[in-house]
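Residue indices begin at 1 and follow the sequence shown.
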Amino acid sequence: MDIIETIKGGISVNILVIEDEEALSEFIVLELSHEGYHVTAAFDGREGLEMALDQNWDVILLDLMLPKLNGIEVCRRLKAVKDTPIIMITARDSVMDRVLGLDSGADDYIPKPFAIEELLARIRVIMRREEKRNESPPLFLTFKDLELSIESRLLKRGNQFIELTKKEYDLLAMFLKNINRVLTREVLLDQIWGYDAEIETNVVDVYVRHLRNKLDFSDKESYIQTMRGIGYVMRE
């Protein structure tokens with residue numbers, strides 16, 4: 001692990017680089033540190049995912065082709081539980097590779113070889129976007145005709161208010177914060193009930209059924225789609 005800590009403008013900006021090419025990784029770390037970023041490097045997918053989950057990062061630079069766990073899988077697992085911005089870096093630049101990376105949750109994509117100035121510019125764009133998002137936290141989570149109030153915890157479907165229990169609210173909020181992302185039963189159980197909860201994963205199915213009974217119309221497709229053998233997703 002390679003750690004260089006610097007401060008820019010009195011605020012530490014933390015960047016995780018997950019890249020197995022050590023020469024390239026060292027180059028990125030050196031260049032970003034010169035720009036005032038706090039940079040940490042991981043050299044395989046499994047180590048990178050553990051670090052990404054254990055700590056808070058402002059941006060993650062993620063290679064696609066990694067040993068132990070590939071970048072797509074790292075991105076998918078991380079985005080299931082955290083909203084950390086990810087820039088995917090890879091030598092593979094086909095349209096399908098870009099689509100696969102972005103569909104797995106990546107926020108941006110830059111092919112190798114790249115100019116460091118372009119990478120820095122992409123990081124600045126993401127940082128500005130995140131600053132703007134953090135300035136005004138959302139008051140509502142919305143999907144189709146659903147509107148969930150963060151402050152009052154009330155759900156509105158069209159003109160109708162729907163009462164939710166605490167767990168139903170927590171579960172629905174988790175889906176609404178992860179539109180188009182498949183959430184496994186294990187992830188939902190961990191996030192809603194807690195990792196140490198002594199309950200079976202089928203409790204997730206029970207609460208999804210409760211939500212469907214309250215949300216769905218009998219003649220329309222369910223708001224919450226089942227991904228057989230995996231989990232659930234709310235998909236646009």
Side-chain angles (χ1 to χ4, degrees), residues 14 16 49 51-60 62 72-88 101-108 125-158 160-195 197 199 201 203-216 221-227 230-236:
N14 301 304
L16 175 62
L49 179 60
M51 294 169 64
L53 292 171
D54 288 343
Q55 302 176 49
N56 292 322
W57 306 95
D58 296 294
V59 181
I60 294 177
L62 176 63
I72 295 296
E73 188 64 16
V74 171
C75 185
R76 187 187 67 79
R77 294 189 190 185
L78 177 61
K79 285 292 190 175
V81 294
K82 300 180 76 171
D83 291 327
T84 310
I86 293 175
I87 299 176
M88 193 159 281
L102 294 171
D103 279 350
S104 69
D107 298 87
D108 201 354
V125 168
I126 282 183
M127 293 303 300
R128 287 196 297 268
R129 187 189 66 196
E130 291 300 302
E131 288 173 4
K132 184 175 293 186
R133 186 177 71 172
N134 292 335
E135 285 174 0
S136 303
L139 298 177
F140 299 92
L141 296 171
T142 60
F143 175 71
K144 296 183 179 179
D145 59 344
L146 299 179
E147 183 180 86
L148 186 66
S149 170
I150 301 297
E151 186 173 306
S152 68
R153 302 173 71 89
L154 290 175
L155 173 65
K156 187 177 181 183
R157 185 188 61 194
Q160 178 187 6
F161 285 97
I162 299 173
E163 292 187 6
L164 299 175
T165 66
K166 181 182 183 303
K167 292 300 185 190
E168 288 170 351
Y169 168 88
D170 292 341
L171 185 58
L172 180 58
M174 184 73 175
F175 283 123
L176 292 174
K177 290 176 182 177
N178 292 276
I179 297 299
N180 295 325
R181 294 178 188 162
V182 177
L183 301 176
T184 66
R185 291 173 176 83
E186 291 75 15
V187 165
L188 292 169
L189 189 66
D190 182 20
Q191 294 296 305
I192 307 302
W193 283 270
Y195 181 78
I199 52 178
T201 55
V203 74
V204 175
D205 302 322
V206 172
Y207 274 84
V208 167
R209 185 164 65 249
H210 290 170
L211 276 177
R212 284 172 168 167
N213 288 338
K214 292 185 176 183
L215 301 181
D216 293 350
E221 184 180 57
S222 177
Y223 289 91
I224 304 171
Q225 299 298 305
T226 299
M227 302 299 292
I230 302 174
Y232 299 95
V233 62
M234 294 186 83
R235 179 168 287 152
E236 291 177 324

**Q** Any side-chain heavy atom of Arg76 sitting closer than 4.5 Å to one from Val182?
**A** no
**Q** Measuring from atom CG of Leu148 to atom CG of Leu139, what distance do you get when rounded to the nearest 0.5 angstrom?
**A** 12.0 Å
**Q** Once rounded to the nearest 0.5 Å, what's the spacing between atom CG of Leu171 and atom CG of Leu164?
**A** 10.0 Å
**Q** Return the set of residues passing side chain to side chain donor-acceptor pair (under 3.5 Å) with Arg153 (not counting sequence neighbours), or none when no residue passes.
**A** Asp170
**Q** Can you confirm whether the side chains of Tyr232 and Asn178 place a donor and an acceptor under 3.5 Å from each other?
**A** no
**Q** Over all heavy atoms of both residues, which pair between Gly231 and Arg185 is shortest? Give the atoms and the distance, please.
**A** N-NH1, 3.6 Å
**Q** Does Trp57 use its side chain to pair, donor to acceptor, with the backbone of Met51 at less than 3.5 Å?
**A** yes
**Q** Please give me the minimum heavy-atom distance between Pro85 and Ile126, naming the atom from each residue.
**A** CB-CG2, 3.4 Å
**Q** Using 0.5 Å steps for rounding, measure from the CD1 atom of Ile162 to the CG atom of Leu155.
**A** 4.5 Å
**Q** What pair of heavy atoms forms the shortest contact from Ala106 to Cys75, and how long is it?
**A** N-SG, 3.4 Å
**Q** Kindly say whether Lys79 contributes a backbone atom to a donor-acceptor pair with the side chain of Arg181 at under 3.5 angstrom?
**A** yes
**Q** Return yes if some donor-acceptor pair links the side-chain N/O of Arg212 with the main-chain N/O of Ser222 below 3.5 Å, else return no.
**A** no
**Q** With side chains defined as the heavy atoms from C-beta onward, is the minimum distance between Phe175 and Leu141 less than 4.5 Å?
**A** no
**Q** What's the shortest heavy-atom distance between Leu188 and Trp193, and which atoms?
**A** O-CE3, 3.9 Å
**Q** Measuring from atom OG1 of Thr84 to atom CG of Leu62, what distance do you get when rounded to the nearest 0.5 angstrom?
**A** 11.5 Å
**Q** Tell me whether Asp107 contacts the main-chain N or O of Ile86 through its side chain, where contact means a donor paired with an acceptor under 3.5 Å.
**A** yes
**Q** Mind checking whether Glu221 and Arg235 have side chains closer than 4.5 Å, heavy atoms only?
**A** no
**Q** Has the side chain of Lys82 got a donor or acceptor atom that lies under 3.5 Å from a matching backbone atom of Ala52?
**A** yes
**Q** Give a yes or no on whether the backbone of Tyr223 and the side-chain of Asp216 come within a donor-acceptor separation of less than 3.5 Å.
**A** yes
**Q** Using a 6.0 Å cut-off, check whether atom CD of Glu163 has over 12 heavy atoms from anything other than its own residue.
**A** no
**Q** Counting C-beta onward and ignoring hydrogens, is there a side-chain heavy-atom pair between Leu78 and Leu53 closer than 4.5 Å?
**A** yes
**Q** To the nearest 0.5 Å, what is the distance between CG (Leu172) and CZ (Phe143)?
**A** 10.0 Å
**Q** Which value, rounded to the nearest 0.5 Å, describes the distance between Lys177 atom NZ and Ile150 atom CD1?
**A** 5.5 Å
**Q** Could you walk me through whether Glu73 and Leu49 pass the side-chain contact (heavy atoms from CB on, under 4.5 Å) check?
**A** CA-CA 9 Å; Glu73 188 64 16; Leu49 179 60; over 6 Å; no
**Q** Taking the side chain as C-beta and beyond, is there a heavy-atom pair between Val125 and Asp108 under 4.5 Å?
**A** no
**Q** Of all residues at least two apart in sequence or in a different chain, which pass the salt bridge (charged side-chain N to carboxylate O under 4.0 Å, His left out) check with Lys214?
**A** Glu168
**Q** State, with a plain yes or no, whether a side-chain heavy atom of Leu189 is found less than 4.5 Å away from one of Ile192.
**A** no
**Q** Are any side-chain N or O atoms of Asp58 and backbone N or O atoms of Asn14, one a donor and one an acceptor, separated by less than 3.5 Å?
**A** yes
**Q** Is there side-chain contact between Met234 and Leu146, with at least one heavy-atom pair below 4.5 Å?
**A** yes
